[in-house]
Q: 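Shown below is the structure under consideration.
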Amino acid sequence: MGKKVVKYSLAFVLIFSVILSVYVLYNYSGSTEGFRGNFQHSFTQGSTNRSWGNGNTNQGLWQRGNFPQGNAQSGQSQWQMPRSRGDFGGFRGTSAKYGVYIMAYAAIVFLLFILSYYALKNKKLKLDLQNDKFIIAALFLIGFFMRLYIAATIEGYSGDIGLFRSWAQSASQDILNFYKNTPSCDYPPLYIYVLYIIGKVASIGNLSHYYNVILKLPSILADIASSYIIYKIANKHFTKSISAFISALYIFNPAVFINSSAWGQVDSFFTMFVIIAVYFLSEKKLGFSSVFFTGAVLMKPQGIIFAPVLFFEIVNERSLKNFLKAFVASLVTAVIVLVPFAIGQDPLWIFKLYEKTISEYPYASVNGFNFYGLLGANYVNSGTKLFVFSYSTWGFIFIVLATLFSWFIYIKGKNSNLAYLAALIQIALVFTFSTGMHERYLFPAVALAIIAFLYIKDIRLFGLFVGFSITSFLNMYYVLFGGLRNSFGFIPMLVSLANVVIAVYLAKVSYDVAALNKIYIVDSGLESHEIHTTI
């Protein structure tokens, strides 16, 4: 009887979500058209300038990464880069009201997450879906149509949506000369291929009316794909009922869909590459792993944060054959992705692009709720001294320490199942203690934490998943809906403190798991107890 109630309930929700999505798309106002007032662009074949509004981007209203450096003596920026969509063209009113609904939804869902943690810990989570394929499919479809509704309802972060749209149109017109024609682009080439497809699709018939929604589709699909990967990995370690439940925690996670569907960013797409790369690494398939690690680096510079995890496994293997396999796979991937853009370019153009991207935000924190945010160093120049060293030097020291610590954990564990834990350590510690961190950079920790839990089955990792979900959501929410327009106030400081505490706790849990072989395990029967074991 209970199973039928679940099926009928999901069927009702699925039908409702489909109707709601169709309705909102049918009545879609093409809100991206409203960006033209502030983000008008004109492209001419072979042009090296892109203009928004009435002038060149160099003199325009705003250019990504082009803003004052602040007072050189104090290191404090005199002007804060607009980080809420409401700061561009007065579009805040059409979508800001939905922030209240999203916050209410998040409060309910995170409460359920916390209750799930205690249910797992105390062996009280009872699910019996008997491998019903309809239930599994319904969860993924509801997640998709829910995101489609949000994508069409909330315009997104104006600055990013405006840039992605202009990049997509530029790429669709002349992808081979994209970087020459679009000097504002600070993204490496991989995602430009996706934007090329978006630009071509959006040029068909009346589809340009839905440009804003189409721009969000790759990340929405990546959300669903990542949820499916989580489900398949969970199936190896837990019952199918628990696997469906755990994948649902990702599908309906507010920290996940606020990034893809509401904001319109591409961190979901990037995270999908990372978790696939780490999956192949855990399966000892270094060639495939190298392809996806390289793809992650060629999509966003943050991919470099995860590259050491591949290095750890190569060192552990101590095999020249495996090293050559990984090297060749990475090289071939890089050549395939880069060569079309390299024609007529400076031989070092890709390195200059990364240098430009990394140097765009010379601040201790760029609205990241982390250690530097806790110190009140949001938008403080990273050259400013903190005790003996500058913020940037401290940040570099912490990157080195974080990498050495994750390497230590990987070596001590002596098992590739710790690959997700090592990747989680990398992103969580680097975000928390390195400089120049944006509000979205912690995003991959949500997926990595839940997958690390699936492999290691330590209930504390599930708790970390809940913690990262909450803090990551709050960080993005406050930026997207304008909470940081005036000051880095009490709640951002509180969330910053929470991230520092969570990062330290992650280090403690990792040491317990890898060095002490102490795991608070949850087995497939949901039996939780402390054991001493080797992973």
Side-chain angles (χ1 to χ4, degrees), residues 2-3 5-7 9-10 13 102-132 135-136 138-140 142-143 146 223-224 226-258 275 420-421 424 428 442-474 477 498 501-502 505-506 509 513 519-530:
K3 183 181 175 183
V5 171
V6 172
K7 289 180 67 175
S9 299
L10 285 176
V13 174
I102 289 178
M103 179 59 78
Y105 170 89
I108 294 170
V109 170
F110 289 142
L111 177 60
L112 293 175
F113 279 18
I114 294 170
L115 293 176
S116 299
Y117 167 80
Y118 284 105
L120 281 168
K121 184 178 181 182
N122 297 312
K123 302 168 287 185
K124 293 182 178 180
L125 184 63
K126 304 297 181 182
L127 292 173
D128 183 16
L129 304 182
Q130 300 177 5
N131 190 26
D132 193 297
I135 292 176
I136 305 302
L139 288 172
F140 289 115
I142 292 170
M146 178 188 76
D223 281 348
I224 305 304
S226 297
S227 301
Y228 182 73
I229 294 169
I230 290 171
Y231 172 73
K232 297 299 288 185
I233 293 174
N235 265 337
K236 295 183 177 181
H237 304 277
F238 291 89
T239 64
K240 292 186 180 296
S241 298
I242 298 302
S243 300
F245 172 74
I246 289 174
S247 65
L249 295 179
Y250 193 81
I251 295 171
F252 301 107
N253 194 320
V256 177
F257 70 70
I258 194 176
I275 63 176
Y420 280 104
L421 182 59
L424 175 60
L442 187 61
F443 181 87
V446 176
L448 293 170
I450 195 65
I451 302 178
F453 163 72
L454 295 176
Y455 275 97
I456 300 171
K457 301 180 183 177
D458 191 313
I459 188 62
R460 294 172 295 178
L461 287 170
F462 186 88
L464 286 165
F465 159 73
V466 175
F468 285 128
S469 296
I470 294 173
T471 59
S472 183
F473 167 79
L474 288 173
Y477 179 90
V501 172
I502 292 171
Y505 184 64
L506 169 63
V509 171
V513 169
I519 307 172
Y520 291 83
I521 197 168
V522 177
D523 60 27
S524 57
L526 300 182
E527 188 172 331
S528 176
H529 53 279
E530 180 182 346

Q: When you compare the side chain of F443 with that of V256, does any pair of heavy atoms fall below 4.5 Å?
A: yes
Q: Would you check if the side chain of D458 reaches a backbone N or O of I521 as a donor-acceptor pair within less than 3.5 Å?
A: no
Q: Are there over 12 heavy-atom neighbours, none belonging to Y118, within less than 6.0 Å of that residue's OH?
A: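 Not buried by this count: 12 neighbours or fewer within 6.0 Å.
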Q: Under the criterion side chain to side chain contact (heavy atoms under 4.5 Å, CB included), which of I450, I258, V446 is the partner of N253?
A: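 Going through the options one by one, the only one that passes is V446.
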Q: With rounding to the nearest 0.5 angstrom, report the CD1 to OG distance, I275 to S226.
A: 3.5 Å
Q: Can the ring centres of F453 and F238 be said to be less than 6.0 Å apart?
A: yes
Q: Aromatic ring centroids of F110 and F473 under 6.0 Å?
A: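 Yes, the ring of F110 comes within the 6.0 Å limit of the ring of F473, centre to centre.
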Q: Using modelled atom types only, decide if a donor and an acceptor are shared between the side chain of S247 and the backbone of A244 within a distance under 3.5 Å.
A: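 Yes: the side chain of S247 pairs with the backbone of A244.
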Q: Quick one: does L421's side chain get under 4.5 Å of L461's, heavy atoms only?
A: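 In contact.
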Q: Is any side-chain heavy atom of F252 closer than 4.5 Å to a side-chain heavy atom of M146?
A: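 Yes, at least one pair of side-chain atoms sits under 4.5 Å.
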Q: What distance separates L454 CG from I242 CD1, expressed to the nearest 0.5 Å?
A: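 These two atoms lie 11.0 Å from each other.
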Q: Is the shortest side-chain heavy-atom distance between Y420 and I233 below 4.5 Å?
A: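 A side-chain contact under 4.5 Å exists here.
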Q: May I have the step-by-step check of ring-ring contact (aromatic ring centres under 6.0 Å, His included) for F113 and F465, ending in yes or no?
A: CA-CA 9 Å; F113 279 18; F465 159 73; 5.6 Å; yes
Q: Between K236 and Y455, is NZ or CZ placed under 6.0 angstrom from the six-membered ring centre and within 45° of the ring axis?
A: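 Relative to the ring axis of Y455, which defines the angle, K236 lies outside at least one limit.
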Q: Can you tell me how far the CD1 atom of I470 sits from the OH atom of Y477, to the nearest 0.5 Å?
A: 15.0 Å
